[in-house]
Protein chains: 2
Amino acid sequence: MRRLTDNTRTKIIDAGEKLLLKNGFNGFSYADIALALGIKKSSIHYHFPSKADLGLAVIQRARQRFSGWCERREIAAMADWDKLDRFFEIYRHYLTKSESVCLSGAMQTDFTTLPKPMQEETKGLVSDLLNWMDNFLDKGRKRGTFSFPGISCDQAVVVLAVMQGGLQMNRVLDSPIFDMAAAQIRCLLKS
Amino acid sequence: MRRLTDNTRTKIIDAGEKLLLKNGFNGFSYADIALALGIKKSSIHYHFPSKADLGLAVIQRARQRFSGWCERREIAAMADWDKLDRFFEIYRHYLTKSESVCLSGAMQTDFTTLPKPMQEETKGLVSDLLNWMDNFLDKGRKRGTFSFPGISCDQAVVVLAVMQGGLQMNRVLDSPIFDMAAAQIRCLLKS
DNA sequence: TGTTATCTACCAACTAGTAGATAGAATGTC
DNA sequence: GACATTCTATCTACTAGTTGGTAGATAACA
């Protein structure tokens with residue numbers, strides 16, 4: 001019943017997400033998406049009346065995707081070090097398939113220009129990531145897998161900031177900074 | 001002779017930098033600057049024919065400011081830990097006086113939409129920061145002040161990413177994440 | 001027949017940027 | 001010193017293109 005519709009809707013979110021990650025929220029327009037998908041601007045407005053609606057949908061889907069990732073048996077069953085690598089892979093993926101940064105990083109720098117609902121959803125996204133990493137590092141240290149000074153929530157900020165920043169610097173300097181930074185984080189959690 | 005002119009020119013760069021740090025390069029217009037300074041758009045075009053010229057001037061001035069900071073006797077004469085704190089202060093300043101992120105972070109996420117000359121200048125800015133931090137950490141470790149695993153240029157990426165990301169997350173969540181992250185970096189350089 | 005999804009054809013506001021007038025200051029010339 | 005000229009910096013007024021968004025026709029579908 002909703003087959004074709006959902007398809008278009010999904011394609012619009014896909015294209016929107018791609019452009020958002022590449023150019024930032026103020027760096028693309030409905031015309032860009034229409035061109036990319038070979039449809040008309042007004043068709044996008046049918047599915048997402050305002051640009052804020054589309055932006056919100058992109059962030060909401062990303063949050064769902066992450067919580068789905070967390071709950072996957074395959075992931076949950078993993079050893080700490082493997083799980084950390086898998087988490088890094090989420091970020092590395094952006095780098096590989098398109099010259100993008102991560103969603104949280106992109107939304108954070110555009111933050112003041114975003115409509116309220118998108119700001120709230122962005123807060124939620126960043127909180128999700130920080131909370132998960134905090135919990136993951138804390139448990140890992142208690143189990144004896146990880147070792148780091150101070151409290152886990154501060155270390156979580158460090159790890160996430162390095163993911164974000166590593167992606168951003170890698171793109172700008174076009175050198176393998178992300179992988180070096182990820183390796184350094186692994187070192188810091190061992191020593 | 002160039003008194004008034006330079007004054008206006010400087011004021012335009014000031015206003016442009018402020019808006020750039022707050023909203024990103026695609027998040028402000030000449031009209032915004034004109035309004036803020038109480039002048040006309042065309043006066044801005046007189047000093048900076050295109051928006052790219054203004055953007056370039058903002059980055060160039062920031063690079064000069066940083067290299068000036070590095071060369072200041074007061075800074076050069078400082079002990080390592082004090083110098084690190086002073087470096088953190090540069091970033092913390094953005095947070096204090098306006099809800100901004102740092103210039104390198106802002107330019108990095110807008111990167112693909114920037115005109116070539118601005119991209120090149122951004123590369124230069126990020127390189128300046130990374131090179132300085134790399135050298136600073138390396139010397140500090142050789143002197144026995146700092147301690148960290150791996151090579152200093154990887155650790156430099158970590159420190160800078162945490163500055164950038166700490167600022168960004170602090171603004172979004174409106175909680176004192178920046179100071180916590182800075183403290184954690186200090187811990188990581190001790191242990 | 002009513003609903004869903006797409007289209008064509010608009011619109012007002014805003015974008016970066018240009019052309020040309022004008023006022024005042026600096027400079028050259030007699 | 002007086003006068004003309006050039007330069008600097010700003011203004012008003014405009015343009016072409018883009019932005020997000022709307023109205024209404026039309027087709028496809030259930």
Side-chain angles (χ1 to χ4, degrees), chain A residues 1-20 22-59 106-107 110 112-119 121, chain B residues 1-20 22-59 106-107 110 112-119 121:
Chain A
M1 183 165 52
R2 287 270 172 74
R3 219 51 161 293
L4 272 165
T5 302
D6 280 1
N7 214 340
T8 303
R9 200 189 138 87
T10 303
K11 279 180 185 167
I12 293 169
I13 303 182
D14 288 343
E17 183 174 30
K18 199 171 167 182
L19 285 162
L20 181 46
K22 197 176 171 190
N23 303 338
F25 189 67
N26 298 316
F28 75 94
S29 71
Y30 270 29
D32 296 324
I33 300 179
L35 189 73
L37 299 182
I39 60 175
K40 297 295 163 182
K41 276 195 322 170
S42 44
S43 302
I44 308 175
H45 279 288
Y46 171 76
H47 293 280
F48 302 97
S50 79
K51 200 184 174 188
D53 295 320
L54 173 57
L56 197 64
V58 169
I59 313 176
M107 302 317 290
D110 286 342
T112 55
T113 67
L114 300 179
K116 270 272 163 61
M118 286 187 67
Q119 291 193 340
E121 203 66 30
Chain B
M1 185 166 48
R2 288 271 171 74
R3 221 50 163 293
L4 272 166
T5 303
D6 280 0
N7 216 340
T8 303
R9 201 188 136 88
T10 303
K11 278 181 187 167
I12 292 169
I13 303 182
D14 288 343
E17 182 173 30
K18 200 171 167 182
L19 285 162
L20 182 46
K22 197 175 172 192
N23 302 339
F25 190 66
N26 299 314
F28 75 95
S29 72
Y30 270 29
D32 296 323
I33 299 177
L35 188 74
L37 298 182
I39 59 175
K40 297 295 162 182
K41 277 195 322 171
S42 45
S43 302
I44 309 175
H45 279 289
Y46 170 78
H47 293 282
F48 303 97
S50 79
K51 200 184 172 186
D53 295 319
L54 173 57
L56 198 64
V58 169
I59 312 176
M107 302 317 290
D110 286 342
T112 55
T113 68
L114 299 179
K116 270 271 162 62
M118 285 186 69
Q119 291 193 339
E121 203 65 31

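Predicted model only: the values in this text are computed from it and were never measured. In the text below, chain A, chain B and the rest are named by the order of the sequence lines, each starting its count at 1. Only heavy atoms go into these numbers, but all of them, side chains included; no hydrogens, no water, no symmetry mates.
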Thr113(B) side chain vs Asn23(A) backbone, donor-acceptor pair below 3.5 Å: no
I want to verify a distance call: between [options], whose nearest atom is closest to the [X] side chain?
X        : options                   : value
His47(B) : dT10(D), dT18(C), dA23(D) : dT10(D)
Tyr46(A) : dT10(D), dT6(C), dC7(C)   : dT6(C)
Ser43(B) : dC7(C), dT12(D), dT10(D)  : dT10(D)

Within this structure, what is the [atom1]-to-[atom2] distance between [X] and [N], rounded to whole angstrom?
X        : N       : atom1 : atom2 : answer
Asn26(B) : dT19(D) : CG    : C1'   : 13 Å
Leu35(A) : dT19(D) : CG    : P     : 11 Å
Lys40(A) : dG21(D) : NZ    : P     : 19 Å
Ile44(A) : dG20(D) : CD1   : P     : 10 Å
Ile33(A) : dT18(D) : CD1   : P     : 17 Å

Cation-pi check, Lys40(B) onto Tyr46(B) ring (under 6.0 Å, within 45° of axis): no
Any Ser42(A) side-chain nitrogen or oxygen under 4.0 Å from OP1 or OP2 of dG21(D): no
Stepwise side-chain hydrogen bond (donor to acceptor under 3.5 Å, both in side chains) check, Asp53(B) with Ser50(B): CA-CA 5 Å; Asp53(B) 295 319; Ser50(B) 79; 3.1 Å; yes
Identify each atom pair where a protein N or O and an N or O of nucleotides 10-17 of chain C are less than 3.5 Å apart, giving names and distance.
{"residue": "dT15(C)", "atom": "OP1", "partner": "Ser29(B)", "partner atom": "OG", "Å": "3.4"}
{"residue": "dT15(C)", "atom": "OP2", "partner": "Ser29(B)", "partner atom": "OG", "Å": "3.4"}
{"residue": "dA16(C)", "atom": "OP1", "partner": "Lys51(B)", "partner atom": "NZ", "Å": "3.3"}
{"residue": "dA16(C)", "atom": "OP2", "partner": "Tyr30(B)", "partner atom": "N", "Å": "3.2"}
{"residue": "dA16(C)", "atom": "N7", "partner": "Lys41(B)", "partner atom": "NZ", "Å": "3.3"}
{"residue": "dA16(C)", "atom": "N6", "partner": "Lys41(B)", "partner atom": "NZ", "Å": "3.4"}
{"residue": "dG17(C)", "atom": "OP2", "partner": "Lys51(B)", "partner atom": "N", "Å": "2.7"}
{"residue": "dG17(C)", "atom": "N7", "partner": "His45(B)", "partner atom": "NE2", "Å": "3.2"}
{"residue": "dG17(C)", "atom": "O6", "partner": "Lys41(B)", "partner atom": "NZ", "Å": "3.0"}

Test side chain to side chain contact (heavy atoms under 4.5 Å, CB included) applied to Tyr30(A) and Leu35(A), Ile12(A), Leu54(A), the passing residue: Leu54(A)
Nearest-0.5 Å distance, NZ of residue Lys18(B) to CD1 of residue Ile13(B): 15.5 Å
Lys51(A) atom NZ, over 12 foreign heavy atoms within 6.0 Å: yes
